[in-house]
Amino acid sequence: MIARRDLAGLIGAGAVAATALSLASSSASAQSASQNTFDRILATKKLRLGAVAAGAPWFMKDQATGKWAGQFYDIGSALAADMDVQLELVETTWGNAILDLQADKIDIMFGLNPTPKRAMAIDFSGTVYDSALVVIARPGFEPKTWAELNDPKVKISVDIGSAHDQVAGRLCPKAQIVRFKSIDEATLALRSGRVDAQCIFWMGGVRAVKRDAALGKVVVPQPLFGSTSNAGFRRESDKTWRDFVSIWITYSRGLGIVREAVVASLAKVDLSLDDIPPGVTF
């Protein structure tokens, strides 16, 4: 028989052990919850990149094979390789990318143009490259300025939630902004005559017109609206992940990795740097 005093000792020892285990578990949980994105990527060996299936030349997905291509796929692949981690593509849209970052579905989204509204929700890297906003104007409609587009009679198509949407709404508040779920749907609206112009960044605009000349003409409205293409991140107190990617981008631009990825993606959609509209710099 165990003496009452010994039993009390055993119960006390068990309570201490249980408390220690509980504290260790709580500590591990707290540590996991507070782990920053950079450390988690290195620990899991997995980098989740947001990708837009209908986003050539930025992203391209072969629906038959599931294989991805495009400039941001190449840039993301180079980033993952330098970190010695696996790249995982998570499908999203330009309009949903910020929500997916906030919901921790993706770790990074390339191709986001920083705007004050977006900067209130997520963090941004340094510049990946410079870009410029243009419009594809229907045949017979050749606006030379944003002021000409800012007319209640003018209908402009955009993909909802994108930088095209935000900028067109700001520069042309009097125009009729017609919003669609994707860039392709916005282009189809132009093709079918439902709108007078589509607001889009130059790479997408030039590609669309080269594929279908009946769409109209790529116009660079004045004054030139220049923007930058950046990477977006979920906002967290530890900025290690954001800062690391910004340093990596600067390094990669200096080595020509970014430029090579862009040129290669343009070639895949039958474009070259010679197709850049006059007045637009890359």
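What's counted below: heavy atoms across the whole structure, side chains too, no hydrogens, waters or symmetry copies. Residue numbers start at 1 and run along the sequence shown.
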Colleague: Okay, side chain of E88, backbone of L49: is any donor-acceptor separation there less than 3.5 Å?
Modeller: no
Colleague: Could you state whether V269 and Y73 fall into the same hydrophobic cluster, counting links through intermediate Ile, Leu, Val, Met, Phe, Trp or Tyr residues with side-chain heavy atoms under 4.5 angstrom apart?
Modeller: yes
Colleague: Check whether any side-chain heavy atom of S229 lies under 4.5 Å from a side-chain heavy atom of L112, and answer yes or no.
Modeller: no
Colleague: Take Q198 and S157 through the side-chain hydrogen bond (donor to acceptor under 3.5 Å, both in side chains) test and state the conclusion after the steps.
Modeller: CA-CA 5 Å; Q198 178 184 3; S157 67; 4.7 Å; no
Colleague: Taking it one step at a time, do D100 and T92 satisfy side-chain hydrogen bond (donor to acceptor under 3.5 Å, both in side chains)?
Modeller: CA-CA 8 Å; D100 287 343; T92 185; 2.6 Å; yes
Colleague: Do N96 and L99 have side chains that approach each other closer than 4.5 Å (heavy atoms only, starting at C-beta)?
Modeller: yes
Colleague: Is there a donor-acceptor contact under 3.5 Å from the side chain of R235 to the main chain of M120?
Modeller: yes
Colleague: Does R253 use its side chain to pair, donor to acceptor, with the backbone of T127 at less than 3.5 Å?
Modeller: yes
Colleague: Roughly how far, to the nearest 0.5 Å, is the CD1 atom of I136 from the OG1 atom of T187?
Modeller: 5.5 Å
Colleague: Should V158 and F141 be counted in the same cluster of Ile, Leu, Val, Met, Phe, Trp and Tyr side chains packed under 4.5 Å apart?
Modeller: yes
Colleague: Got T228 and Y129 here, is their nearest side-chain heavy-atom distance under 4.5 Å?
Modeller: no
Colleague: Can you tell me how far CZ of R259 sits from OG of S252, rounded to the nearest 0.5 angstrom?
Modeller: 15.0 Å
Colleague: For the atom pair CD1 (I177) and NZ (K155), what is the distance rounded to the nearest 0.5 Å?
Modeller: 12.0 Å
Colleague: Is any NZ, NE, NH1 or NH2 atom of the basic residue among D196 and R138 found under 4.0 Å from an Asp or Glu carboxylate oxygen of the other?
Modeller: yes
Colleague: Given M203 and Q71, is the side-chain contact (heavy atoms from CB on, under 4.5 Å) satisfied, shown in steps?
Modeller: CA-CA 11 Å; M203 288 188 198; Q71 58 191 250; 3.4 Å; yes
Colleague: Please give me the minimum heavy-atom distance between V219 and P143, naming the atom from each residue.
Modeller: CG1-O, 2.9 Å
Colleague: Within the supplied structure, the quantity of interest is the number of heavy atoms (other residues, nucleotides, ligands) at a distance under 6.0 Å from K210 NZ; does it exceed 12?
Modeller: yes
Colleague: Might you point out which heavy atoms bring A97 and I106 nearest each other, and give the distance in Å?
Modeller: O-CD1, 3.9 Å
Colleague: Honestly curious: do L42 and W248 fall in one hydrophobic cluster under the side-chain, below-4.5 Å linking rule?
Modeller: yes
Colleague: Are the side chain of Q166 and the backbone N or O of H164 linked by a donor-acceptor pair below 3.5 Å?
Modeller: no
Colleague: Does the plane of the ring in W94 sit parallel, tilted or perpendicular to the ring in W58? Use 30° and 60° as the thresholds.
Modeller: perpendicular
Colleague: Would you call D84-K45 a salt bridge at under 4.0 Å N-O?
Modeller: yes
Colleague: Considering residues, nucleotides and ligands other than K174, do more than 12 of their heavy atoms fall under 6.0 Å from its NZ?
Modeller: no
Colleague: Grouping I, L, V, M, F, W and Y whenever their side-chain heavy atoms are under 4.5 Å apart, do L271 and L273 come out in a common cluster?
Modeller: yes
Colleague: Is any side-chain N of the basic residue among D104 and R234 closer than 4.0 Å to the acidic one's carboxylate O?
Modeller: yes
Colleague: Rounded to the nearest 0.5 Å, how far does CD1 of I122 lie from CD1 of I98?
Modeller: 4.5 Å
Colleague: Do the ring planes of F59 and W68 sit parallel (below 30°), tilted (30 to 60°) or perpendicular (above 60°)?
Modeller: perpendicular
Colleague: Flag the pair D212 and R191 as a salt bridge only when some basic side-chain nitrogen lies within less than 4.0 angstrom of an acidic carboxylate oxygen.
Modeller: yes
Colleague: Any chance you could measure I41, atom CD1, to T240, atom OG1, to the nearest 0.5 Å?
Modeller: 11.0 Å
Colleague: Can you name the nearest heavy-atom pair linking A80 to L87, along with the distance?
Modeller: CB-CB, 4.0 Å
Colleague: How about K217: does its NZ atom have over 12 heavy atoms from other parts shown lying under 6.0 Å from it?
Modeller: no
Colleague: Here's a test for you: under salt bridge (charged side-chain N to carboxylate O under 4.0 Å, His left out), which of R48, K61, K105 qualifies with E91?
Modeller: K61
Colleague: Kindly determine whether S125 and R242 satisfy side-chain hydrogen bond (donor to acceptor under 3.5 Å, both in side chains), including the steps that lead there.
Modeller: CA-CA 6 Å; S125 70; R242 181 202 66 182; over 6 Å; no
Colleague: Any side-chain to backbone donor/acceptor pair from D275 onto S272? Under 3.5 Å, distance only.
Modeller: yes
Colleague: Compare every heavy atom of A186 with every heavy atom of D159, then report the nearest pair and how far apart it is.
Modeller: N-CB, 4.3 Å
Colleague: Kindly give the heavy-atom pair with the smallest separation between L215 and V209, and that separation in Å.
Modeller: CD1-N, 4.2 Å
Colleague: Between F233 and W241, what is the ring plane arrangement, given parallel below 30°, perpendicular above 60°, and tilted in between?
Modeller: perpendicular
Colleague: Does L79 reach the side chain of F110, with side-chain heavy atoms less than 4.5 Å apart?
Modeller: yes
Colleague: Identify the heavy atoms of V218 and G205 that sit nearest to each other, and give their distance.
Modeller: CG2-O, 3.6 Å
Colleague: Following the transitive rule for hydrophobic clusters with a side-chain heavy-atom cut-off under 4.5 Å over Ile, Leu, Val, Met, Phe, Trp and Tyr, establish whether L89 and V52 coincide in one cluster.
Modeller: yes
Colleague: Does the side chain of I200 come within less than 4.5 Å of I183's, by heavy atoms?
Modeller: yes
Colleague: Find out whether V195 and I156 are in side-chain contact, i.e. whether some heavy atom of one side chain is under 4.5 Å from a heavy atom of the other.
Modeller: no
Colleague: Atom CZ of residue position R170 - does it have more than 12 heavy atoms of other residues, nucleotides or ligands inside 6.0 Å?
Modeller: no
Colleague: A side-chain contact here means heavy atoms from C-beta on lying under 4.5 Å apart; do R207 and P57 qualify?
Modeller: yes
Colleague: Would you check if V220 and V280 make a side-chain contact, meaning some heavy-atom pair closer than 4.5 Å?
Modeller: yes
Colleague: Where do Y251 and D82 land on the side-chain contact (heavy atoms from CB on, under 4.5 Å) test, with the steps shown first?
Modeller: CA-CA 11 Å; Y251 166 83; D82 280 344; 4.3 Å; yes
Colleague: Just verifying a value: how many Å separate S162 OG and D165 CG, rounded to the nearest 0.5 Å?
Modeller: 5.0 Å
